[in-house]
Amino acid sequence: WVFLGEPVAGLSGFADVDALGVAVAAGEPVPDFVVVSCAAGSVDVPGSVRESSGRVLGLVRGWVADERFAGSRLVLVTRGAAGPDAGTEVAGVVAGSVWGLVRSAQAEHPGSFVLLDADEGFSGWGLVAAAVASGESQLVARDGGVSVPRLARREVAATVPGEPASGTVLVTGGTGGLGSLVARRLVERHGVRDLLLVSRRGPDAPGAAELVAGLEGLGARVTVAACDVSDRDALAGVLGPVLPRVTGVVHTAGVLDDATVEGLSAERLDTVFAPKADAAWHLHELTRDAPLAAFVVFSSLAGVLGNPGQANYASANVFLDVLAAHRRALGLPGVSVAWGLWDTDSDMTGTLTSADTARLARAGVAPLTAEQGLDLFDAAMTSPEPLVVASGWDATGLRARAEAGGLPSVLRGLVRTPRRAATSAGGRTAGSSGLAERLGAMAEAEARGHLAELVRSHVAAVLAHGNAKNIGMDRAFNELGFDSLTAVELRNRLNGETGLRLP
């Protein structure tokens, strides 16, 4: 165990990775664990989120490219970003963005990163090592113990239409696919009679006039405003005239700019942070003195699971999750709904390919119908918890991942999982030498054929082909339809089969 940068209790340290590399070259042993403190600022929250996430992105990108520590794990330590007391302090809200980003990095590079949220002065590194050896990579240390995250099922009670609600409800992204569904639901099921729908294009958005006409036909008064919700002054200008009577906020706005961590940049972080995280913080500040009964932010399962290729989006969404907890700590209403996949058209689902849908099914995620999603929205409005995961699940996909040893630990409470062999610091299981032993017992031509069929079977699964025999051995991967995400999935599958660390 060593630390980099800011001193960590009980560990020897180095200024940075290069200094550690010099020490290793001079004879120091390669450490199993390298600890980095991810202390976050709290004055300028949007700026602090960018600084903290950008710094961690640089660490992550450098770590996966550095073969000197291919067998080591980078442990990123935060404070107040996870666990039952998450978000008590503003710095914890900022640090939440680190958890989202690193969760995606963990999915892209299994066995390389550990997330630890610990109090100042934590020194129980033996507990952390034991938890990691048991297959955990996200830990919260409190009061001498370590806990891990798990999703738990909760029954959804049916709701009945409410009486007309007083006050104005603001919906950001209100003319988009999900925003318009939610606006209608607020009127039909929750009795809302005064809506302020905000989007970048406002009245000029496709379908905006029809949406307003439909809502007015249900008895609601509807105002549609064009506003960049990431611009605090512009948002304040829209809210100003109605703020004294705003009783609800539903923040659905967001955009995607997907890339693996190697392809992310500060600009791609900013693209996603602005309408999602910045806007949520502005809404929090601008409505703190309003008579709110509800403050609902639309987060994503991408942040809870750490979707490969969506580290920036996951980062922004976990910020929302911890913001909701922060509001609860302040005695304010707040719930973050981490949505799975909807089967309705929206700006974010319209670009999904058949391979993307197949990948989600293999991950155990099933699409929600509009009615299922809206029922979950109703339930989330009165959730006793600040974070609710609202998703459909594919039991077959979950079981298959569990049997293959690839189920994220956070999902282990949803399906029975076989007991797995302990993992080393490099992420290899005790049984990963099985393939090498089988190949070693074969003649060379037979071994090559066996290995080729193994690779073809995984290629077929990743590309959602029904038959591995249709995968031509003489075709380049990009000709077969691979992109960065399918390449990551194939690499991780082959790593699991072979115990190697393939590029």
Side-chain angles (χ1 to χ4, degrees), residues 156-227 229 234-253 279-280 282-298 324 327 332-337 339 342 344 346 370-383 388 390:
V156 177
T159 60
V160 296
E163 295 296 324
S166 62
T168 301
V169 175
L170 163 70
V171 182
T172 71
T175 60
L178 292 186
S180 59
L181 284 174
V182 166
R184 187 176 184 91
R185 188 68 160 203
L186 288 169
V187 174
E188 291 182 326
R189 188 63 62 92
H190 298 274
V192 174
R193 290 295 176 265
D194 191 0
L195 283 170
L196 172 58
L197 307 182
V198 175
S199 65
R200 185 176 290 273
R201 296 178 63 181
D204 295 330
E210 293 81 359
L211 172 63
V212 171
L215 294 171
E216 289 179 341
L218 294 170
R221 184 177 67 180
V222 184
T223 302
V224 180
C227 178
V229 291
L235 184 59
V238 170
L239 274 173
V242 300
L243 194 56
R245 65 173 189 272
V246 172
T247 56
V249 171
V250 183
H251 178 42
T252 78
H282 298 331
L283 288 166
H284 161 66
E285 288 193 317
L286 292 170
T287 65
R288 279 191 64 161
D289 297 326
L292 293 188
F295 186 97
V296 183
V297 289
F298 274 29
R327 288 182 58 87
L332 300 171
V335 62
S336 182
V337 188
W339 291 105
W342 291 60
T344 57
S346 72
E371 193 60 30
Q372 288 173 328
L374 292 170
D375 285 345
L376 292 177
F377 171 75
D378 294 340
M381 291 280 283
T382 57
S383 169
V388 176

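One is the number of the first residue; the rest follow in order along the sequence.
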### Summary
Minimal heavy-atom distance between L292 and V246, with the atoms involved, is CD2-O, 3.5 Å
### Message
I'd like to know whether CZ of R200 has more than 12 heavy-atom contacts from other residues, nucleotides or ligands below 6.0 angstrom.
### Response
no
## Note on the structure
Rounding to 0.5 Å, atoms CG (L243) and CG (D289) come to a distance of 8.0 Å
### Query
Between CD of E371 and CG of L376, what distance do you get to the nearest 0.5 Å?
10.5 Å
### Message
Looking at every non-hydrogen atom in both residues, tell me the closest pair between R327 and G334 and how far apart they are.
### Response
NE-CA, 4.2 Å
### Query
Shortest non-hydrogen contact from L170 to L239?
CD2-CD2, 3.9 Å
## Note on the structure
Heavy-atom closest pair (S336 atom, A324 atom, distance to 0.1 Å) is N-CB, 3.6 Å
### Query
Judged by atom type as modelled, is there a donor-acceptor pair below 3.5 Å linking the side chain of T168 to the main-chain atoms of L195?
no
### Query
Mind checking whether L211 and L197 have side chains closer than 4.5 Å, heavy atoms only?
yes
### Message
side chain to side chain contact (heavy atoms under 4.5 Å, CB included), that's the test. Do F377 and L186 meet it? Break it down for me.
### Response
CA-CA 10 Å; F377 171 75; L186 288 169; 4.0 Å; yes
### Under 3.5 Å: donor-acceptor pair, side chain of T252, backbone of T172
yes
### Message
Is there a side-chain contact between V296 and H251 in this structure, where contact means two heavy atoms from C-beta onward sitting under 4.5 Å apart?
### Response
no
### Query
Hey, are the side chains of L218 and R184 touching, using non-hydrogen atoms and a 4.5 Å cut-off?
yes
### Message
Quick check for you: to the nearest 0.5 Å, what is the distance between L215 atom CG and R193 atom CZ?
### Response
10.5 Å
### Message
Looking at every heavy atom in both S383 and V335, which two are closest together, and how far apart are they?
### Response
CB-CG2, 4.2 Å
### Query
Hey, are the side chains of R185 and V192 touching, using non-hydrogen atoms and a 4.5 Å cut-off?
no
### Task
Quick one: closest heavy-atom pair of L235 and V229, and the distance?
CD2-O, 3.9 Å
### Task
Please indicate whether R245 has more than 12 foreign heavy atoms, meaning atoms of other residues, nucleotides or ligands, lying under 6.0 Å from its CZ.
yes
### Task
Decide yes or no for L178 and W342: does some side-chain heavy atom of the first lie under 4.5 Å from some side-chain heavy atom of the second?
yes
#### Entry: Full working for side chain to side chain contact (heavy atoms under 4.5 Å, CB included) between L332 and H284
CA-CA 10 Å; L332 300 171; H284 161 66; 4.2 Å; yes
### Query
Does T247 use its side chain to pair, donor to acceptor, with the backbone of S166 at less than 3.5 Å?
yes
